[in-house]
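Have a look at the structure below, then the notes.
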Amino acid sequence: MTRRELSVLVAQLRSELEKLELTTGKVASFWSASEREGRTEEKLAALAMHLHGFYGGAEKLFETVARNVDESVPSGPSSHRDLVAQMSIEIPGLRPRVISQSLASELRPYLEFRHRVRHLYLFDLAWSDVDVIAPALAGCWRRFCEEMESFVSFLEGVDSPARS
């Protein structure tokens with residue numbers, strides 16, 4: 001990977017992190033509104049879509065790293081779980097862990113929720129589906145952001161001779 005390609009990758013990762021920050025803000029806003037003003041089907045649908053968006057954005061970051069750094073993106077029926085697992089391991093001689101194994105575990109409920117949203121009608125969701133993950137997102141996001149920033153800093157420090 002050339003220095004230029006690495007700079008583009010870093011910019012892409014930072015851009016996605018900014019979008020994820022907006023998404024987590026939307027989750028907090030809809031969660032807060034539901035607590036203040038009452039729980040409606042519309043608020044649940046909006047909250048569900050933003051929670052879905054959070055995990056989708058996290059996965060987009062992981063896929064970007066897998067494609068551009070690891071040059072190996074998991075495929076098949078367990079690809080979503082495999083991608084998170086891949087990000088939580090160090091690849092000697094290539095890169096450190098992108099995220100810790102504890103953060104990978106913390107992301108699992110968001111992955112499972114994303115799967116539910118993609119495969120159900122919104123009216124099949126209940127507030128109990130979001131009661132744990134919505135309020136926990138702020139802490140998860142903080143750790144996610146710290147760990148991703150650490151990884152991006154690693155990329156910025158890489159000496160990048162062109163790959164063969």
Do you know the tightest heavy-atom contact between [X] and [Y]?
| X | Y | result |
| --- | --- | --- |
| H115 | H119 | O-CD2, 2.9 Å |
| L125 | L44 | O-CD2, 3.6 Å |
| S79 | P74 | CB-O, 3.6 Å |
| E21 | T24 | O-OG1, 2.9 Å |
| W141 | L17 | CH2-O, 3.5 Å |
| L94 | F154 | O-CZ, 3.8 Å |

N/O donor-acceptor pair under 3.5 Å between [X] side chain and [Y] backbone:
| X | Y | value |
| --- | --- | --- |
| S29 | G25 | no |
| S78 | R81 | no |
| Q86 | S72 | yes |
| Y110 | L137 | yes |

Do [X] and [Y] have side-chain heavy atoms sitting under 4.5 Å apart?
| X | Y | value |
| --- | --- | --- |
| V98 | M148 | yes |
| R3 | L6 | yes |
| L9 | V69 | yes |
| D131 | W31 | yes |
| L103 | C140 | yes |
| W127 | L47 | yes |
| R39 | V130 | no |
| V65 | L155 | no |

Please determine whether the number of non-hydrogen atoms from other residues, nucleotides or ligands lying under 6.0 Å from atom [atom1] of [X] exceeds 12.
| X | atom1 | answer |
| --- | --- | --- |
| E41 | CD | no |
| R14 | CZ | yes |
| K26 | NZ | no |

request  = Verify the distance criterion only: is there a donor paired with an acceptor across the side chains of R36 and S32 at less than 3.5 Å?
outcome  =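 Yes.
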
task = May I ask you to check whether N68 and T64 show a side-chain donor-acceptor distance below 3.5 Å?
result = no

Donor-acceptor pairs under 3.5 Å, side chain of residues 52-62 to any protein atom, not counting sequence neighbours: which ones?
{"unit_1": "E59", "atom_1": "OE1", "unit_2": "H80", "atom_2": "ND1", "d": "3.0"}
{"unit_1": "E59", "atom_1": "OE2", "unit_2": "H80", "atom_2": "ND1", "d": "2.8"}
{"unit_1": "K60", "atom_1": "NZ", "unit_2": "E16", "atom_2": "OE2", "d": "3.2"}

message = Assigning hydrophobic clusters by single linkage (Ile, Leu, Val, Met, Phe, Trp, Tyr; side-chain heavy-atom cutoff under 4.5 Å), is V73 placed with M87?
response =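 No.
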
request  = Spell out, yes or no, whether L13 and L22 are grouped together once hydrophobic residues are joined by side-chain heavy atoms under 4.5 Å, including indirect joins.
outcome  =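 Cluster IDs for L13 and L22 differ.
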
message = Applying salt bridge (Lys or Arg N to Asp or Glu O under 4.0 Å) to R95 and E90, what does each step give before you reach the verdict?
response = CA-CA 6 Å; R95 65 161 174 80; E90 175 184 354; over 6 Å; no

message = Once rounded to the nearest 0.5 Å, what's the spacing between atom OG of S34 and atom NZ of K43?
response = 7.0 Å

message = As a quick check of understanding, evaluate side chain to side chain contact (heavy atoms under 4.5 Å, CB included) for S100 and E147, giving each step before the final call.
response = CA-CA 8 Å; S100 64; E147 293 185 20; 3.0 Å; yes

inquiry  = Run L107 and F144 through side chain to side chain contact (heavy atoms under 4.5 Å, CB included) and show every step you take.
reply    = CA-CA 9 Å; L107 288 169; F144 183 86; 4.2 Å; yes

